[in-house]
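Here the structure comes first, spelled out in structure tokens, and everything after it is commentary.
Indexing begins at 1, ligand by ligand and atom by atom, following the structure's order.
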Amino acid sequence: SIDDELRWDGELTVARHDRETGTTFVIRIDSTRLGPASGGTRAAHYPSIGHALADAGKLAGAMTLKMAVSDLPMGGGKSVIALPAPRNRIDSATWSRILDIHAENIDKLEGNYWTGPDVNTNSSDMDQLSRTTKYVFGRSVDNGGAGSSAHATALGVFEAMKATARRRGLGTLDGRKVLVQGLGAVGGDVVRLAAQAGARLLVADTDPQRLEAASLAGHTIVPADEVLRTSCDLFAPCAMGGIIDSAAAASIPTLAVAGAANNILTDAAAGEVLRSRGVLCAPDFVANAGGAFHLVGREVLGWNEDDVVERTRGIGRTLDEVYSLSEERGITTEAAALLLARTRLSPASTTAAAT
Ligand code: NAI
Ligand code: PHE
Ligand code: K
């Protein structure tokens, strides 16, 4: 319920309803500890405002960890636009009004929160937001922005897949069975990179057109509802979060997990179950940080494309650190990554850096 969801440890929740379109807007700032909060705008049709608040809160928290573990000088936040219907049933005039209202809300936060693209928003939506507010990453390149973050995200996920396979004793991806769920902006690129590395691709999507393209490229189609029962060496969730709960963790026939989706595990217990079965799982806020390197690197830190690629490739090394820590301490990889992120978020680490 809304009452439950507002009992949250983050810094700020902002909400607004637009009666004309039936849309509810939520912005949640989890932390500004390391810099202005940042995280994308997600548009979706939620069962209730409580669900929208919960999603925004979890996603904002993941952004804080992503920025911290990636050594980016930003905090974590996220926007959720709770649509009155699924995104594909919102007409363009309504969508345009929705974006204008969202931009107005962001602007009122005066730079404490910077948005960017996420599920169901893209660079041209960022262009429109930027007409009302400047606190926007990922505008199109023609409009002075860094453009889509998907390529960088996919590159980082590919590095995470390689590092995870290696650590799990699978060697390189060559000849390995890799199952990619979601063939969108990120997943499509992940498939291409993994295929180049010699992996045998199994792919799933709910969009028949995307499946047809993958089938033409010679990949094996798995029905969307059989993903969690399909045997593979490495599973790459690149669709939505919340895909692995404890029950799925107990049965999923894979040896490793590394993907792009935010909040792949429903909770810490699911991570414990994976660990007990020896399924090595790349924490998502480490594996999918390529997009943040791209957006924050290009638009805040003055990096060029090579810098973004170099830092994104470093995701493999960060994961090695996470895996070593997890082995030393006998904790889940998620808990180990949390430890690394929290070291950076703790007041002591900033004091040390300042002196
Ligand atoms: P997208 O919207 O381009 O692609 C998602 C794909 O998943 C679509 O092809 C969709 O049809 C498919 N899909 C949806 N439900 C499915 C289901 N139940 N089974 C199989 N396929 C399903 O999104 P994008 O940008 O590729 O992002 C994918 C994930 O990665 C999201 O969870 C996003 O939050 C996360 N992510 C994306 C980043 C980026 O830079 N784009 C950065 C970090 C995380
Ligand atoms: N939404 C993407 C993510 O979850 C990209 C993004 C990164 C958007 C940083 C804004 C800021 O990482
Ligand atoms: K998108």
Quiz item: Salt bridge check: are Arg97 and Asp100 linked by an N-O gap of less than 4.0 Å?
Solution: no
Practice problem: Give the numbers and elements of all ligand 1 atoms closer than 4.0 Å to a heavy atom of Ala239. | Solution: 7 (O), 13 (N), 16 (C), 21 (N), 22 (C), 28 (C), 29 (C), 31 (C), 32 (O)
Exercise. Decide yes or no for Ser48 and Leu53: does some side-chain heavy atom of the first lie under 4.5 Å from some side-chain heavy atom of the second?
Key: no
Exercise. May I ask you to list the atoms of ligand 1 that are less than 4.0 angstrom from any heavy atom of Arg42?
Key: 34 (O)
Quiz item: Heavy atom under 4.0 Å from ligand 1: found in Asp118's side chain, backbone, both, or neither?
Solution: side chain
Quiz item: Would His294 count as a contact of ligand 1 if the rule is a heavy atom under 4.0 Å away?
Solution: no
Show me, pair by pair, the donor-acceptor contacts under 3.5 angstrom made by side chains of residues 76-83, not counting sequence neighbours?
residue, atom, partner, partner atom, Å
Lys78, NZ, Asp118, OD1, 3.1
Ser79, OG, Tyr113, OH, 2.7

Self-check item: Heavy-atom side-chain contact between Asn288 and Lys66 under 4.5 Å
Solution: yes
Quiz item: Just which atoms of ligand 1 are under 4.0 Å from any heavy atom in Val119?
Solution: 31 (C), 33 (C), 34 (O)
Quiz item: Would you say His102's side chain and Leu129's backbone share a donor-acceptor pair under 3.5 angstrom?
Solution: no
Quiz item: How far apart are the closest heavy atoms of Val203 and Ala214, and which atoms are they?
Solution: CG2-CB, 3.8 Å
Quiz prompt | Heavy atom of Cys238, distance to ligand 1 below 4.0 Å | solution = yes
Quiz item: Between the candidates Asp284, Leu211, Val186, which shows the shortest non-hydrogen contact distance to atom 41 (N) of ligand 1?
Solution: Val186
Quiz item: Which ligand 1 atoms, with their elements, are less than 4.0 angstrom from a heavy-atom of Ala260?
Solution: 30 (O), 35 (C), 36 (N), 44 (C)
Quiz item: Which is it for Thr133 and Asp107 under the side-chain hydrogen bond (donor to acceptor under 3.5 Å, both in side chains) test, yes or no, and what are the steps along the way?
Solution: CA-CA 5 Å; Thr133 183; Asp107 205 56; 2.7 Å; yes
Practice problem: Please test Asn143 against Ser140 for side-chain hydrogen bond (donor to acceptor under 3.5 Å, both in side chains), starting from the C-alpha separation and ending with a verdict. | Solution: CA-CA 5 Å; Asn143 198 28; Ser140 56; 4.8 Å; no
Quiz item: Should the proximity of Thr153 to ligand 1, defined as any heavy atom under 4.0 Å, be assigned to the side chain, the backbone, both, or neither?
Solution: side chain
Quiz item: Are any of the N or O atoms of Ser149 closer than 3.5 Å to those of ligand 1?
Solution: yes
Quiz item: Do any nitrogen or oxygen atoms of Asn262 come within less than 3.5 Å of a nitrogen or oxygen of ligand 1?
Solution: yes
Quiz item: Looking at Arg7 and Asp4, does any basic side-chain N land under 4.0 Å from a carboxylate oxygen?
Solution: yes
Quiz item: So does Glu310 pair up with Arg313, basic N to acidic O under 4.0 Å?
Solution: no
Quiz item: Would you call Glu327 and Arg167 a salt bridge, taking side-chain N to carboxylate O under 4.0 Å as the test?
Solution: yes
Practice problem: Report all protein residues having a heavy-atom distance below 4.0 Å to some atom of ligand 2; order the list by chain, then number. | Solution: Ser38, Gly39, Gly40, Met63, Lys66, Met67, Lys78, Gly116, Pro117, Asp118, Asn262, Ala292, Leu295
Quiz item: Is the NZ or CZ atom of Arg28 both under 6.0 Å from the centre of the six-membered ring of Trp8 and within 45° of that ring's axis?
Solution: yes
Quiz item: Taking atom types as modelled, is there a side-chain donor on Thr94 or Thr21 under 3.5 Å from an acceptor on the other?
Solution: no
Practice problem: Please identify which atoms of ligand 1 are closer than 4.0 Å to at least one heavy atom of Arg210. | Solution: 8 (C), 9 (O)
Quiz item: Looking only at N/O atoms, are Gly291 and ligand 1 under 3.5 Å apart anywhere?
Solution: no
Quiz item: What atoms of ligand 1 come closer than 4.0 angstrom to any heavy atom of Leu183?
Solution: 9 (O)
